[in-house]
Colleague: 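First the structure, which I've put down as structure tokens, then a few questions once you've had a look.
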Amino acid sequence: MEKVTMADVAKAAGVSKSTVSQYLNNRFEYMGEKTKQKIEEAIETLGYQPNYIARSLKQKRTSMVGIIVANIMHYFSTEVSRAIEDFCNHHDLHAIVCNADDDPEKEKKYIDMLRAKQVDGLIIFPTGQNNQLYESMIKQGYPVVFVDRKVQNLSVFSIVTDNRESTYRAIQQFVAKGHQRIAFAVQPLKVSTRTDRFEGYQQAMKDAGLEINPDYVIESDIPGMKSMLDELFSLEERPTAIFAGNDRVFLELVKCLRDKGLKIGQDIELVVFDNIPFAHVLETPVTFIIQPASEMGTKAAELLLEQINKVDREPEEFIFPSKLV
């Protein structure tokens, strides 16, 4: 069966090829509803599929953007990606989502692959370990926006939340309730979100005149997290409050507390920094630091589209406040 062409659609609809082209590119300014309907019916009847490769060569744009997520397992990352995809869909862009698994090699592979496919720009949750590659893209003027994590010494559009300040307020809340033995659990301190939250914890403890017990600071990847938490809650003087650095740490913590027979709200008070989809159904009193994921994703997509459309604007960092819930 021969491939259906734009000329075939134009003939079936009784219009010119340029009119069909205008329809496919959503240029309806001088097109009546009857003409639009005839073209739509012809496309459906003939099963016409536009040649996006030919169109992208002509327009010098593919209308595709890449989203490289550091770790898709985080619900916050999923929320942000959904907001970006919604924005793209509304603006006739196609979003390709890739999961880097916090692996800089995998991140580099996806950046190279997406650029080879000539996507119009990238939104990256950076691992922070491909600085030379990031810098190269920025110097070339390639449209890029960083989300969630900062990379030092790079002039790039970035969307983050107030990690340090929100953590500081959460620890202050613990102190105000009389807690002095306050623990902190986090994945390896290799990215800005984790280091900023840890700095907030340190500063709040210092300002409260409280010493940080090294045994109360748990830094581990997820596979090793539970065993370290087991040790923490086996101490003779165990903590009375704990800060969980993100949703995955929270899940490991809940498993540990269950195994130890400890009750949240009775034996231990808990604050979690992350968006948890099932938070509203929990019966135990847990405080969550919620990031405005939808707003952050939408802003990232807006900034990327501005760069794609060659809007002249100096790169800057946008800080969105989180809230304790």
Colleague: Does atom CD (Glu105) have a neighbourhood of more than 12 heavy atoms from anything else shown, all under 6.0 Å?
Modeller: no
Colleague: Any donor-acceptor pair under 3.5 Å linking the side chain of Ser227 with the backbone of Gly224?
Modeller: yes
Colleague: Establish, from distance only, whether the side-chain atoms of Glu107 and Thr127 form a donor-acceptor pair under 3.5 Å.
Modeller: yes
Colleague: Test your reading of the model: is there a side-chain donor-acceptor pair from Tyr201 to the backbone of Ile182, 3.5 Å cut-off?
Modeller: yes
Colleague: Treating Lys106 as the side-chain partner and Asn99 as the backbone partner, does any N or O pair qualify as donor plus acceptor under 3.5 Å?
Modeller: yes
Colleague: Within the 4.5 Å heavy-atom criterion, are Val145 and Gln307 side-chain neighbours or not?
Modeller: yes
Colleague: Honestly curious: do Val151 and Met137 fall in one hydrophobic cluster under the side-chain, below-4.5 Å linking rule?
Modeller: yes
Colleague: Can Lys36 and Glu40 be said to form a salt bridge (charged side-chain N to carboxylate O under 4.0 Å, His left out), step by step?
Modeller: CA-CA 6 Å; Lys36 284 167 66 175; Glu40 187 177 332; over 6 Å; no
Colleague: Does the Asn89 side chain pair with the main chain of Glu85, one donor and one acceptor, at a distance under 3.5 Å?
Modeller: no
Colleague: Mark yes when over 12 heavy atoms from residues, nucleotides or ligands other than Gln180 sit less than 6.0 Å from its CD; otherwise mark no.
Modeller: no
Colleague: Can you tell me if Met228 has over 12 outside heavy atoms packed within less than 6.0 Å of its CE?
Modeller: yes
Colleague: For Asp274 and Asp247, indicate whether the former's side chain and the latter's backbone hold a donor-acceptor pair under 3.5 Å.
Modeller: yes
Colleague: Sequence neighbours excluded, which residues qualify as side chain to side chain donor-acceptor pair (under 3.5 Å) partners of Arg115?
Modeller: Gln140
Colleague: Is it true that a side-chain atom of Asp120 and a backbone atom of Ser63 form a donor plus acceptor pair closer than 3.5 Å?
Modeller: yes
Colleague: Please walk me through it: do Asp259 and Lys255 pass salt bridge (charged side-chain N to carboxylate O under 4.0 Å, His left out)?
Modeller: CA-CA 6 Å; Asp259 293 348; Lys255 291 179 199 172; over 6 Å; no
Colleague: Are Lys108 and Asp112 close enough for a salt bridge, meaning some N to O gap below 4.0 Å?
Modeller: yes
Colleague: I need the Ile264 CD1 to Leu270 CG distance, nearest 0.5 Å.
Modeller: 5.0 Å
Colleague: Short question: side chain of Asn246, backbone of Arg248 - any donor-acceptor pair under 3.5 Å?
Modeller: yes
Colleague: Quick check against the 3.5 Å criterion: does Ser136 have a side-chain atom that pairs as donor or acceptor with the backbone of Gln132?
Modeller: no
Colleague: Is any side-chain heavy atom of Ser220 less than 4.5 Å from a side-chain heavy atom of Glu252?
Modeller: no
Colleague: Hey, what's the ring geometry for Phe243 with Phe184, parallel, tilted or perpendicular (30° and 60° as the breaks)?
Modeller: parallel
Colleague: State whether the number of non-hydrogen atoms from other residues, nucleotides or ligands found under 6.0 Å of Arg181 atom CZ is greater than 12.
Modeller: yes
Colleague: Backbone N or O of Gly245 within a donor-acceptor pair of the Arg197 side chain at under 3.5 Å?
Modeller: yes
Colleague: Under the 6.0 Å and 45° cation-pi test, does Lys299 pair with Phe318?
Modeller: yes
Colleague: Should the pair Lys190-Asp221 be classified as a salt bridge under the 4.0 Å nitrogen-to-oxygen rule?
Modeller: no
Colleague: Should Ile218 and Ile242 count as side-chain neighbours, where that means a heavy-atom distance under 4.5 Å?
Modeller: no
Colleague: Same hydrophobic cluster for Ile212 and Phe273, using side-chain heavy-atom links shorter than 4.5 Å among ILVMFWY?
Modeller: yes
Colleague: Between Lys260 and Ser234, does the side chain to side chain donor-acceptor pair (under 3.5 Å) criterion hold? Intermediate values first, please.
Modeller: CA-CA 9 Å; Lys260 294 282 184 184; Ser234 298; 2.7 Å; yes
Colleague: Enter the distance from Thr195:OG1 to Gln202:CD here, rounded to the nearest 0.5 Å.
Modeller: 10.0 Å
Colleague: Take Lys38 and Glu41, measure what salt bridge (charged side-chain N to carboxylate O under 4.0 Å, His left out) needs, and give me the verdict at the end.
Modeller: CA-CA 5 Å; Lys38 284 196 295 183; Glu41 287 173 356; over 6 Å; no
Colleague: Under 4.5 Å between any side-chain heavy atoms of Thr62 and Lys117, yes or no?
Modeller: no
Colleague: Determine yes or no for a side-chain-to-main-chain donor-acceptor pair under 3.5 angstrom, with Ser192 supplying the side chain and Lys150 the backbone.
Modeller: yes
